[in-house]
Protein chains: 2
Amino acid sequence: MEVVILMAGTQGLRERKKAATRQAVHDAAMRLTIERGIDNVTIDEITEAAGISRRSFSNYFTGKEDALLYADGQQMRALLAAIHDRPAGESAWTAMRAVVATMADRDEHTVSEWAIRTRLALTHPGLLAVQLGNHAALERDLAAVVAERDGVGPVRAHVLATAFLASVRIAMRLWVQDGQPGRPGEVIERVLDEMERPFDGH
Amino acid sequence: MEVVILMAGTQGLRERKKAATRQAVHDAAMRLTIERGIDNVTIDEITEAAGISRRSFSNYFTGKEDALLYADGQQMRALLAAIHDRPAGESAWTAMRAVVATMADRDEHTVSEWAIRTRLALTHPGLLAVQLGNHAALERDLAAVVAERDGVGPVRAHVLATAFLASVRIAMRLWVQDGQPGRPGEVIERVLDEMERPFDGH
DNA sequence: AGGCATACTTGCCACATAGGCATTTTTGCC
DNA sequence: GGCAAAAATGCCTATGTGGCAAGTATGCCT
């Protein structure tokens, strides 16, 4: 394999290389998909661009969709960790709101790729399905964090986690549908406000 | 094709036959999946059991998952129609609650197959993904119904539709995870109550 | 440094799936 | 019965999925 920049970290070389390969495959998938559209990209082309064998692709991802949504998972896991690390006094809902507000407007590149993935999911049902499946898995973890923080049961925790994640999804969809006006964090907060209002308007 | 019972309805023979074939394929897929597990069933086997050609399967469904979740879509569309037909005075949230409460405890067979599909989705990520994708599509329609009824904007409508559908999903998951104790409608109502409580416990 | 165990990569392979296209069959209607 | 539209089927190619075994890199120990 080509020499790549490997950030020295807490892990050994093997782990770092795996992470780098994963990222490289994801990047290749994103680039090719942006260039030609998702349906005009084969796994073979992605692996060629990323410099690994066709067979190895299957060791990293189960399909194109997974590869494209890799960054999504990374982002979500970062969100989770940030929520976990909020001051202990805060309620889960406050913690989640606080994190997403600051996080959604991070660096330009992350946000723009996020927008691209959201737009892709909007027109490609298969990609949306995989993304929602991933989010369902993450919901468990978020619910666990919520349960621990608020000291509530699993049902309440899942409801909170679901309401929060669904709000973020709705907000991102709106944001890209309207042509990404302003900061995405703004839209997320607006949707979260909407979610907090009583559902039954009498 | 074998002679099948075709309910006389508002449509012509052609439409009824298509519907019957769809149902037959779905039934075959369910039966075989229950017998052997989803991974040990091929499309070829489903088509053979349903009495159609392999090629025709693709004219009806895009894959095994779609075929299995056909009844899910039917059920959801019935839910939508029932919500639409509620008295005009009711708020959307009240209408949705009213419909789901009566509908979830309908006939034994429908509920039991619903449980089976939910359990399948619980262990088979691919099926869950397709289901969530379908629900996302249905969310648009539900949001439209909500918007019309409550006279609210698209954002509010989507929030309400999402909160409702997510509650139903959470409830069904809980219900099957706990071994289907009592009526599913009970669990749904409990989760909806939970969803109505303020998210931020101060 | 050398050597061993483990984990990762790859090639080969058989099988399942997706869907275009042309042909045949069925249906709706006169 | 006869005709046009719609649906079903067969054929075919491209693509995806994942088991298995052989080769290669890495981590670790001495």
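Since the structure is predicted, the reported quantities are computational estimates derived from the model, not experimental observations. Letters A, B, ... are given to chains in the order of the sequence lines, protein chains preceding strands, and every chain is numbered from 1.
Nearest-nucleotide mapping onto DNA chain D: of A/T42 and B/S53, the residue sitting toward the 5' end is B/S53.
Atom CG of B/N59 is separated from atom C1' of D/dA5 by 16 Å (rounded to the nearest Å). Taking atom CG on A/D39 and atom C1' on C/dG20, their separation rounds to 15 Å, with Å as the unit. For the pair B/R16 CZ and D/dA6 C1', the computed distance is 16 Å after rounding to whole Å. Straight-line distance from the CD atom of B/E15 to the P atom of C/dT27: 13 Å, rounded to whole Å. For the pair B/R22 CZ and D/dA7 P, the interatomic distance rounds to 10 Å; values are reported in whole Å. In this structure, the CD1 atom of B/I43 is 13 Å from the C1' atom of D/dG16, given to the nearest Å. Rounded to whole Å, the distance from CD on A/E48 to C1' on C/dG11 is 17 Å. Nucleotide D/dG18 holds its C1' atom 17 Å from the CZ atom of A/F61, rounded to whole Å.
At a threshold of 4.0 angstrom between heavy atoms, the contacts of B/F57 with the nucleic acid are absent. Nucleic acid contact class of A/S56 (heavy atoms, under 4.0 Å, all strands): base.
Note that NE2 of A/H26 is 9.0 Å distant from CG of A/D72, once rounded to the nearest 0.5 Å. Note that the CD1 atom of B/I170 and the NE2 atom of A/H158 stand 7.0 Å from one another [nearest 0.5 Å].
Closest to the B/I52 side chain, of the nucleotides C/dT10, D/dT9, C/dA18, is D/dT9. Each of C/dC8, C/dT27, C/dA18 was ranked by its minimum atom distance to the side chain of B/R54; first place goes to C/dA18. The nucleotide whose nearest atom lies closest to any side-chain atom of B/K64 is, among C/dT9, D/dA8, C/dT17, C/dT17.
At the phosphate of D/dA7, neither OP1 nor OP2 sits under 4.0 Å from any side-chain N or O atom of B/Y60. Checking the phosphate oxygens (OP1, OP2) of D/dA7, no side-chain nitrogen or oxygen of B/K17 falls inside 4.0 Å.
With hydrogens and angles left out, the side chain of B/R55 and the base of C/dG20 share a donor-acceptor pair within 3.5 Å.
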So B/W175 and B/E186, side chain to side chain donor-acceptor pair (under 3.5 Å) or not? Walk me through it.
CA-CA 9 Å; B/W175 187 61; B/E186 257 173 4; over 6 Å; no

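Taking 4.0 Å as the cut-off between side-chain N and carboxylate O, A/K18 and A/E15 do not count as a salt-bridged pair. Between A/R31 and A/E35 there is a salt bridge, since at least one side-chain N of the basic residue sits less than 4.0 Å from a carboxylate O of the acidic one.
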